[in-house]
There are 2 protein chains.
Amino acid sequence: MESGRRRPVTIADIAAATGVAVSTVSRALSRPSRVSPATRERIQAAARSMDYVPHPPARALASGRTRTVALVVSDVTNPFYFGMIRGTQQQLKAAGYAHLLIDTEDSAEHEIEMLHTMRRSLDGAILGASRLPARALVALAGEIPLVTVNRNVRGVPSVVIDTPAGIAQAVEHLVSLGHRDIVYVSGPTQSWSNQARWQAMRGALERHGLGAQRVGPFPSGRGSGTAAADAVLNSGATACVAFNDLFALGMLTRLRERGVRVPADLSVVGCDDIFGADFSNPPLTTLTAPIEQAGRMAVSLLVAGLDHRAPQPQRRTVVLPTYLTVRESTGPLTD
Amino acid sequence: MESGRRRPVTIADIAAATGVAVSTVSRALSRPSRVSPATRERIQAAARSMDYVPHPPARALASGRTRTVALVVSDVTNPFYFGMIRGTQQQLKAAGYAHLLIDTEDSAEHEIEMLHTMRRSLDGAILGASRLPARALVALAGEIPLVTVNRNVRGVPSVVIDTPAGIAQAVEHLVSLGHRDIVYVSGPTQSWSNQARWQAMRGALERHGLGAQRVGPFPSGRGSGTAAADAVLNSGATACVAFNDLFALGMLTRLRERGVRVPADLSVVGCDDIFGADFSNPPLTTLTAPIEQAGRMAVSLLVAGLDHRAPQPQRRTVVLPTYLTVRESTGPLTD
DNA sequence: CCGGCGGTGACAACCGTTTGCCATGTGTTG
DNA sequence: CAACACATGGCAAACGGTTGTCACCGCCGG
């Protein structure tokens with residue numbers, strides 16, 4: 001039982017024990033087809049009985065592959081990322097990769113710097129909502145395999161959640177409830193998603209002959225909800241679409257404080273359908289995004305390109321649909 | 001500018017460029033005091049200008065240290081862990097460690113297995129609410145430096161959140177509101193926290209001459225709220241303390257479905273104060289736990305024991321206080 | 001003027017695996 | 001039966017650092 005906690009077992013020990021060369025042990029363990037069934041079995045048995053555990057750093061040094069993928073987020077604090085973390089975690093685990101978590105704290109320099117530094121210990125990275133300028137992104141993609149989420153740059157594979165299409169649905173919904181003054185609550189300007197959502201909103205509103213207003217931009221975080229709610233109220237709008245659920249949730253709190261009834265006085269719709277959107281007060285009407293699935297997809301895209309050295313299709317981009325989930329934060333105009 | 005993307009720069013290149021030995025370069029870079037200011041400066045300048053980036057696997061192979069710490073959780077999906085992820089992430093980053101995320105999917109075997117397999121690529125691990133039996137935990141701690149959170153086992157450093165003390169507060173609160181039939185909603189039996197909380201509840205209730213009931217156990221997850229709410233209602237209690245906020249939140253939803261008014265018909269208090277507890281309907285009275293801080297503490301404990309080979313104090317255990325945050329899910333008895 | 005000492009840097013031996021290349025032995029084919 | 005292809009396993013060279021040991025240097029005090 002007790003194998004003596006001294007020096008950990010190496011393939012050399014196994015080689016000695018079975019009377020073959022270390023190279024054979026190595027192959028038996030990592031490329032089993034390369035060795036005859038008989039020896040293979042003998043070696044594997046020995047490995048098992050000696051409680052051999054491979055040494056990842058050594059493996060990485062020799063092979064150049066680390067079996068580790070990083071998920072890079074701009075702020076672990078944001079519940080939006082919880083879904084990503086879940087999705088990537090699941091899929092990475094299934095694919096036999098370790099999951100590294102990197103927080104860039106909303107700084108593009110940090111993002112470049114950290115990825116650059118860690119690139120040798122990573123097989124690839126998934127960029128959740130990168131703040132990077134396109135050229136920097138492409139440059140990075142040259143150093144290390146990348147897949148972006150909600151960030152579409154030519155040449156870098158990505159999965160994007162089609163919130164803009166959902167926004168159109170949201171606008172339909174609000175318009176059909178009688179709203180005419182609908183305002184967009186803008187998030188951080190560098191956010192690709194924010195831009196896309198605002199564009200979509202403008203387009204949808206125009207199609208109804210309505211003008212588009214927006215308030216903001218506001219910094220990420222639920223705290224922004226306060227300022228956002230006040231701004232929306234001052235704008236005189238009867239309905240709003242918020243950049244994301246965090247904003248919307250924050251607004252709900254503030255509106256309640258100010259005695260504004262939702263949806264009687266103001267309808268609000270969020271984006272993403274994060275944890276909490278369904279049990280807030282009132283429950284939030286929002287664009288449900290398949291965030292977890294996005295994470296899984298991103299991993300699939302990444303590892304697909306990792307294993308084969310087969311020339312992978314150039315610009316792999318998958319877009320995931322969203323749909324409007326109507327709950328109780330939107331309702332007919334009742335002035 | 002363009003240093004030619006060919007072969008990455010190694011310390012050997014730097015050595016060649018500066019005319020010193022590789023060992024000197026190595027020391028100049030990782031143990032600067034070991035080399036004279038003059039050469040040190042020269043080497044560092046060269047490294048900088050050649051855009052040298054150390055190769056972590058090589059470093060790890062040679063030194064045995066990986067500068068990586070894993071956070072092990074039983075289920076990434078649980079919002080309770082979001083706080084831990086945040087806390088550990090912050091502190092690890094500050095200490096210059098990489099953050100690996102491991103999900104054991106609620107399985108003790110998985111937990112042991114994964115940790116055992118990855119131990120060589122980790123400098124240590126933080127166990128968030130481990131499901132492991134004490135002896136297994138101690139055994140693992142022999143293989144790799146460990147710090148547990150909310151799991152107190154002799155010989156393994158840990159940080160525990162003193163929810164039990166908080167439970168006493170919660171009971172005071174409910175009793176003073178006039179409640180006499182208070183039930184505990186039990187979580188998974190293997191959960192250390194669950195046991196501790198139930199014990200605390202029993203104790204507190206007895207001190208008031210009240211008997212303690214409990215319903216459950218229920219499996220982790222918000223979904224359990226439905227069954228839990230029904231069970232509590234059937235028990236005839238007028239107030240309940242739930243194992244955690246996830247349960248409590250789930251119950252709130254169910255109670256609302258059933259037309260039960262909270263707190264008029266039933267008071268509910270949760271544990272942990274996770275994201276969402278403050279904006280649920282009604283906002284949840286709960287035991288606010290410093291989860292993020294716990295994560296940070298755990299990291300501090302861990303890395304403290306890592307750097308020095310100084311004999312660290314044997315049983316380091318820090319306990320963090322909780323306090324009751326009264327919101328709107330608790331109120332006077334109104335039968 | 002000499003012995004010793006602290007500080008600096010070089011040498012070389014690892015760390016544990018992977019992998020290209022080659023030697024051997026076996027079975028297949030003409 | 002000879003020649004050849006192929007499957008199998010061994011050898012040894014990386015991979016990119018870290019670190020123990022030692023030689024050398026100039027400096028100091030005696």
Side-chain angles (χ1 to χ4, degrees), chain A residues 6-44 46-47 50-68 117-123 306-307 309, chain B residues 6-44 46-47 50-68 117-123 306-307 309:
Chain A
R6 284 306 99 220
R7 196 174 50 75
V9 180
T10 73
I11 56 172
D13 299 328
I14 303 184
T18 53
V20 300
V22 299
S23 53
T24 306
V25 177
S26 171
R27 286 195 260 264
L29 262 24
S30 45
R31 211 184 306 329
S33 65
R34 183 63 178 65
V35 82
S36 77
T39 21
R40 178 202 312 163
E41 194 45 58
R42 195 154 50 91
I43 293 175
Q44 291 178 341
M50 300 173 74
D51 187 31
Y52 167 73
V53 176
H55 186 118
R59 233 204 254 264
L61 178 57
S63 70
R65 277 164 260 113
T66 60
R67 303 231 57 131
T68 300
T117 309
M118 315 201 60
R119 100 196 110 123
R120 312 284 310 269
S121 43
L122 260 28
D123 280 357
L306 253 38
D307 289 344
R309 59 200 59 197
Chain B
R6 282 309 96 217
R7 196 175 50 74
V9 180
T10 72
I11 55 171
D13 298 328
I14 302 185
T18 53
V20 301
V22 299
S23 55
T24 305
V25 176
S26 171
R27 287 197 253 265
L29 262 25
S30 46
R31 212 183 306 331
S33 65
R34 183 63 179 65
V35 83
S36 75
T39 22
R40 179 201 312 163
E41 196 44 59
R42 195 154 51 90
I43 293 177
Q44 291 179 341
M50 300 173 76
D51 188 29
Y52 167 72
V53 176
H55 187 121
R59 229 202 257 264
L61 179 56
S63 69
R65 276 165 263 113
T66 61
R67 303 232 58 134
T68 300
T117 308
M118 315 202 60
R119 99 197 110 122
R120 312 286 308 272
S121 42
L122 260 28
D123 281 356
L306 253 37
D307 288 344
R309 59 201 59 198

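Note that the coordinates shown come from a computational prediction; the quantities given were computed from them, not determined experimentally. Below, chain A is the first sequence line, B the second, and so on; all start at residue 1.
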Using a heavy-atom cut-off of 4.0 Å across all strands, would you classify A/Pro57 as base, sugar-phosphate, or nothing? nothing

Taking any heavy-atom pair under 4.0 Å as a contact, classify A/Ser36: base, sugar-phosphate, or nothing. sugar-phosphate

So, does B/Thr66 use its side chain to make a donor-acceptor pair with the main chain of B/Ala60 at under 3.5 Å? no

Closest to side chain of A/Tyr52, choosing from D/dT19, C/dT18, C/dT17: C/dT17

Of all the choices, D/dG17, C/dT18, D/dG9, which nucleotide is nearest to the side chain of A/Val35 once you look at every atom? D/dG9

Give one of base, sugar-phosphate or nothing for B/Arg27, where a contact means two heavy atoms less than 4.0 Å apart. base

Between D/dT19 atom P and B/Leu61 atom CG, what is the distance in whole Å? 12 Å

Is there a side-chain contact between A/His55 and A/Pro8, using heavy atoms and a 4.5 Å cut-off? no

Verify, without hydrogens or angle tests, whether B/Arg27 (side chain) and B/Val35 (backbone) share a donor-acceptor contact under 3.5 angstrom. no

5'-most by nearest nucleotide on DNA chain D - B/Arg59 or A/Val20: A/Val20

Write down the distance between NE2 (A/His55) and P (D/dG16), rounded to a whole number of angstrom. 16 Å

Checking all strands, does A/Arg34 fall into the base, sugar-phosphate, or nothing category for heavy-atom contacts under 4.0 angstrom? base

Examine C/dC15: is either OP1 or OP2 under 4.0 Å from a nitrogen or oxygen in the side chain of A/Thr10? Give yes or no. no

Identify, between B/Thr24 and A/Val9, the residue whose nearest nucleotide on DNA chain C lies closer to the 5' end. B/Thr24

Please give, in whole Å, the distance from D/dG16 C1' to B/Arg67 CZ? 18 Å

Straight-line distance of B/Leu61 CG to B/Arg120 CZ, nearest 0.5 Å: 9.5 Å

A/Leu29 CG to D/dG9 C1': how many Å, rounded? 15 Å

Atom pair distance, as rounded to whole Å: CD in A/Glu41 and C1' in D/dG9: 18 Å

Does OP1 or OP2 of D/dT19 have a side-chain N or O of B/Arg65 closer than 4.0 Å? yes

Any donor-acceptor pair under 3.5 Å linking the side chain of B/Arg40 with the backbone of B/Pro32? yes

Separation of C/dA10 C1' from B/Arg31 CZ (nearest whole Å): 17 Å

Tell me whether the OP1 or OP2 atom of C/dT17 has a side-chain N or O from A/Ser23 closer than 4.0 Å. no

Spacing between A/Arg120 atom CZ and D/dC15 atom P, to the nearest angstrom: 11 Å

Between atom CD1 in A/Ile14 and atom C1' in C/dT17, what is the gap in whole Å? 12 Å

